[in-house]
Amino acid sequence: MYNKKVMDHFMNPRNVGEIENADGVGEVGNIKCGDIMRISLRIKDNVIDDIKFKTFGCGSAVASSSMATEMIKGMTIEDALKVTNKDVLKELGGLPTIKVHCSVLAEQALKAAILDYANKNGKHYKELEGFSPDEDHPHDEHELEV
Amino acid sequence: MYNKKVMDHFMNPRNVGEIENADGVGEVGNIKCGDIMRISLRIKDNVIDDIKFKTFGCGSAVASSSMATEMIKGMTIEDALKVTNKDVLKELGGLPTIKVHCSVLAEQALKAAILDYANKNGKHYKELEGFSPDEDHPHDEHELEV
Amino acid sequence: MKQIYMDYSATTPMKPEVLSAMQEALKETYGNPSSVYSLGQEAKEKIEEARGYLAPLIGAKPREIFFTSSGTEADNWAVHIAKKTKPGKHMITCAIEHHAVLHTMEAAQKEGYEVTFLPVDRYGFIDLEELEREIRDDTILISIMYVNNEIGTIMPIEEIGAIAKRKGILFHTDGVQALGNVPLDMSSSTVDMMSMSAHKIYGPKGIGALYIRQGTRVVPLLHGGAQERRMRASTENVPGIIAFGEAARLAEAQLEDHVERLTKLRDKLKDGLMQIPDSFFNGHPTKRHPGNVNICFKYIEGESMLLLLDAIGVCASSGSACTSGSLDPSHVLMGIGLPHEIAHGSLRLTLGDFTVEEDVDYVIKHLPGIIERLREMSPLTPQK
Amino acid sequence: MKQIYMDYSATTPMKPEVLSAMQEALKETYGNPSSVYSLGQEAKEKIEEARGYLAPLIGAKPREIFFTSSGTEADNWAVHIAKKTKPGKHMITCAIEHHAVLHTMEAAQKEGYEVTFLPVDRYGFIDLEELEREIRDDTILISIMYVNNEIGTIMPIEEIGAIAKRKGILFHTDGVQALGNVPLDMSSSTVDMMSMSAHKIYGPKGIGALYIRQGTRVVPLLHGGAQERRMRASTENVPGIIAFGEAARLAEAQLEDHVERLTKLRDKLKDGLMQIPDSFFNGHPTKRHPGNVNICFKYIEGESMLLLLDAIGVCASSGSACTSGSLDPSHVLMGIGLPHEIAHGSLRLTLGDFTVEEDVDYVIKHLPGIIERLREMSPLTPQK
Ligand SMILES: Cc1ncc(COP(=O)(O)O)c(C=O)c1O
Ligand SMILES: Cc1ncc(COP(=O)(O)O)c(C=O)c1O
């Protein structure tokens, strides 16, 4: 089901945990759908100095959380906001189609955490315009045309 | 499908052929249904002295023709008329259910041959009352109640 | 690494006797049973022999057994029979049936049938009085499963059937999980039709059967050749049927031992795992499949648990959304009233004839660490 | 006594490679493909591998192939898809289809569908102009078989499909006898759906497939689990699918040789047997299945012939009433206009990859005596 890289990030997830007195915290997801992710950030000089996550979810949710945090660590906020779900997927070497939606959480959680940081510090990022952390991520359809 | 006795009578049918200048000949069956049987008789002193058959039909038709002729040979006409399809079946040790209808021909053909003999000789057998050699034999149904 | 298979309710490995019967049949018994020649006739005889092994396992007459390609097909067929032979537009089933019944019922709804999906209590039982109340003049079928495949609950089938009988309604039960795990005797039962599947009783995949009580009107679901007394078309899966027969023969001979041995292992496993904090046992404690343990662990998600179990060689299943490929946790766990956050953390371990006590000990030993690890990673776990 | 199997169109023995692939899978690949753990995921991968072997044999994309339990199920499903996804109440098929199509159409008639059963000429061909004339505004499906299973005639499928396409009507073909015997390329074809069956191409019984062209709306026939992209429920018959894949892989590699070799044997057998007086060859002389010889011998009945052939080790089939378990000779022989007395004496010999020239010689040598013997016993044979 999952490739080696995904399994590696699932079995040995990077950056698990919670930053105490974090500069920004974002939690997204929905208990109904079975995946929730929380990201906490330490920001220094506009750079993501530290990032940690906690994820309740399936293998792909955990692995993409791990991969995303690893990719983002050390980036400027602007660069981090450019990282998309697709980039994470690519780094992971792909996920099974029905699992792709489980990987969007990481992007969402990061945005939510940065939004939290921005709100606390009176900052504004145009990449976050229109973003709402409470919006449900899209799910795939259940009909078939071959 | 067929038991040993049936197969023996099919592989080595008794009394195959045609009696020349027979005392009675009967032919029954229907080319549509795929079985036709002709019986010819030699009658001496009211006894079936010789009997021969020709059959166009499946294994059970041939085997029951063979068995029936063997049973009947040497009987008085009255006794022969008492031999039923069931008796033949019993002697054969049974036939597959869907094949039973193929065995009724022998009884019919014998009756037809005796009727022929009776007509030619001005005789009357009460066992033949109501018998018509052209009537179709019954077939099984094609519906199922378990 | 040793592999510890604990997913017998999903499918079973084949028993050696069954395997060798099938392997031989695949090679030797290839004749088409509809053929006249000996090779075909031998195949036909072997089919009847197999039917003769399955019959005593469920206390039926051989002629009451019709082979299908699976439990799913049997379920679909039973509903089809009711639709085509009974006048009326209403059927009754329950909320925690297998999808093979549920989705068939939903397809019938699209055709204009009305279907009552009875709710169940926390054990998975329907309310018999409610069942009676829901019966209408135009009810043509009651279909309630014998043993639930997720939570293992054994339904009060004869009580349900007695109601059906009293009202003159056809009664079908999905017996896929009951076969070989519960003593069955159709000859003294109220069941009219029962679905079965070989791959749940150490037989091969791709072969099942529908029991149909003598006297029931039958119409085919699959139309074509005259196989199975014209009621189920297609060249018979002879090796599959032979193997199903052998599996049934063994199941019949071993039923009592099987149930006794598994029940002990099951209860040991359950007691061991229920030591884990924040765990919830699902299904009825005693009226249950002898090999089924189903527990929810709070704060964690099922698929992650399965992956970590797989990493230590344990095969198990879960009713979490992610494992079912759908968005919600299993309809069974929802049906017995579990909230989402608990249902997502479900684990089903089902034991079978190759399970040994050491396997149970192994899981009791290693599962707590896995749960702990996932809880540490979960944002839902309360901070200590 | 040597056994000479000449009933490959009824079913085939398995090739050694297929047999061993299946035997291994039965033992090792028992995991449920819907499972999360590796054992299940491996099974899932093997299914996709098998789909990948079947696809090139018919020039399709793997995603266009859906596994079923048989050719019969595939035929039933195709008709079901048309009924459920197209508006309209009329379908067209032909008089000499396999019962899996004919009886499915008849069942649809009972539900209110109108079905045109096109007549065929003496070779088994439909009249294309008649087909066009019979098409109505509410025609939802044309189903014409690719290769007839009794008389071996290969239908002009692309010409039929072109008409269907022009009129925008779904086109299904029963390809069970075509698979592995005729070059197939769905990617350049007018066919929308095609039925297949493994046990006709040296694979196991109980597994088949339906090709469904990309872009076609699909609904399930069997409802239940999410297998086959939610379109065909039930735990996958993994070993059956693996074996089907292996059989398809071999068929693809050997297709040309297979056709060439069989065609030679077939024509030799035909020429040899047509020396027998009062014999009638059925089907088209060249547009035919490479291994099919079908001849009627006047004055005799088919089952008797088969029994005597069986006694000398030859497995064959006939369209006589007695062998079909019905009252009339086969609808195919009636359909091409044979009178009853000739149709009853039909013999079908179908050759395959284990047939050798000596087998053909043996039958050519011994059949005349059998015919002679039966004719002597027949009241229909003209007296010399
Ligand atoms: C033309 C044709 N269609 C359909 C079938 C049915 O296939 P199956 O036996 O796999 O159901 C057969 C063979 O039996 C056939 O020859
Ligand atoms: C209760 C129940 N019904 C039906 C089925 C379907 O059986 P099959 O996989 O043979 O189609 C299963 C198992 O998958 C089951 O557990």
Side-chain angles (χ1 to χ4, degrees), chain C residues 3 5 7 10-14 19 22-23 26-27 30-32 34-40 69-73 75-76 98-100 103-104 106-107 197 199 204-207 222-226 233-240 303 306-307 309-310 314-318 323-326, chain D residues 3 5 7 10-14 19 22-23 26-27 30-32 34-40 69-73 75-76 98-100 103-104 106-107 197 199 204-207 222-226 233-240 303 306-307 309-310 314-318 323-326:
Chain C
Q3 177 154 286
Y5 188 74
D7 204 12
T11 192
T12 57
M14 286 168 78
L19 184 66
M22 175 127 181
Q23 289 182 333
L26 282 168
K27 194 155 179 238
Y30 67 87
N32 190 320
S34 305
S35 311
V36 165
Y37 43 80
S38 333
L39 187 71
S69 68
S70 63
T72 297
E73 186 192 327
D75 284 341
N76 277 256
H98 190 271
H99 283 142
H103 290 167
T104 304
E106 285 160 14
S197 182
H199 74 95
K205 294 171 181 61
I207 189 77
L222 294 184
H223 304 277
S234 180
T235 308
E236 297 90 337
N237 178 354
V238 182
E303 195 206 74
L306 300 188
L307 290 170
L309 280 168
D310 188 33
V314 178
C315 300
S317 88
S318 165
T323 58
S324 69
S326 75
Chain D
Q3 177 154 288
Y5 188 73
D7 205 11
T11 192
T12 58
M14 286 168 78
L19 185 65
M22 174 125 178
Q23 288 182 334
L26 282 168
K27 195 155 179 238
Y30 66 87
N32 190 320
S34 306
S35 310
V36 165
Y37 42 81
S38 332
L39 186 72
S69 68
S70 64
T72 297
E73 187 191 326
D75 284 342
N76 277 258
H98 191 271
H99 283 141
H103 289 168
T104 305
E106 285 159 14
S197 181
H199 74 95
K205 294 171 181 61
I207 189 79
L222 294 185
H223 304 274
S234 181
T235 309
E236 296 90 337
N237 177 353
V238 181
E303 194 206 74
L306 299 189
L307 290 170
L309 279 168
D310 188 34
V314 178
C315 299
S317 88
S318 165
T323 57
S324 68
S326 76

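Below, chain A is the first sequence line, B the second, and so on; all start at residue 1.
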>> Can you tell me which portion of L26(C) sits under 4.5 Å from chain D's heavy atoms? Options are side chain, backbone, both or neither.
In response: both
> Does any heavy atom of chain C fall under 4.5 Å from the side chain of T12(D), the backbone, both, or neither of them?
Replying inline: backbone
>> If the condition is side-chain contact (heavy atoms from CB on, under 4.5 Å), which residues does T11(C) pass it with, not counting sequence neighbours?
In response: Y5(C), H199(C), K205(C), N32(D)
>> If you compare all heavy atoms of V238(D) against all heavy atoms of G31(D), which two are closest, and at what distance to 0.1 Å?
In response: CG2-O, 4.4 Å
>> Given heavy-atom pairs under 4.5 angstrom as the criterion, report whether the side chain, backbone, both or neither of S38(D) touches chain C.
In response: both
> Shortest non-hydrogen contact from A10(C) to Y37(D)?
Replying inline: CB-OH, 4.5 Å
> Between G206(C), P13(C), S69(C), S70(C), which has the largest tally of heavy atom pairs under 4.5 Å with chain D?
Replying inline: P13(C)
>> Minimum heavy-atom separation for M22(D) and P239(D), please, with both atom names.
In response: SD-O, 3.6 Å
> Do any N or O atoms from the side chain of N76(C) and from the backbone of T72(C) form a donor-acceptor pair under 3.5 angstrom?
Replying inline: yes
> Does any heavy atom of chain C fall under 4.5 Å from the side chain of E106(D), the backbone, both, or neither of them?
Replying inline: neither
>> According to ring pair (Phe, Tyr, Trp, His ring centres under 6.0 Å), who are the partners of H103(D), at least two apart in sequence or on a separate chain?
In response: H99(D)
>> Counting heavy-atom pairs closer than 4.5 Å to chain D, which one of G224(C), G240(C), S234(C) comes out on top?
In response: G224(C)
> Which one, D75(C), I207(C), N237(C), leads in non-hydrogen pairs under 4.5 Å with chain D?
Replying inline: N237(C)
> Is it the backbone or the side chain of L222(D) that comes under 4.5 Å from a heavy atom of chain C, or both, or neither?
Replying inline: both
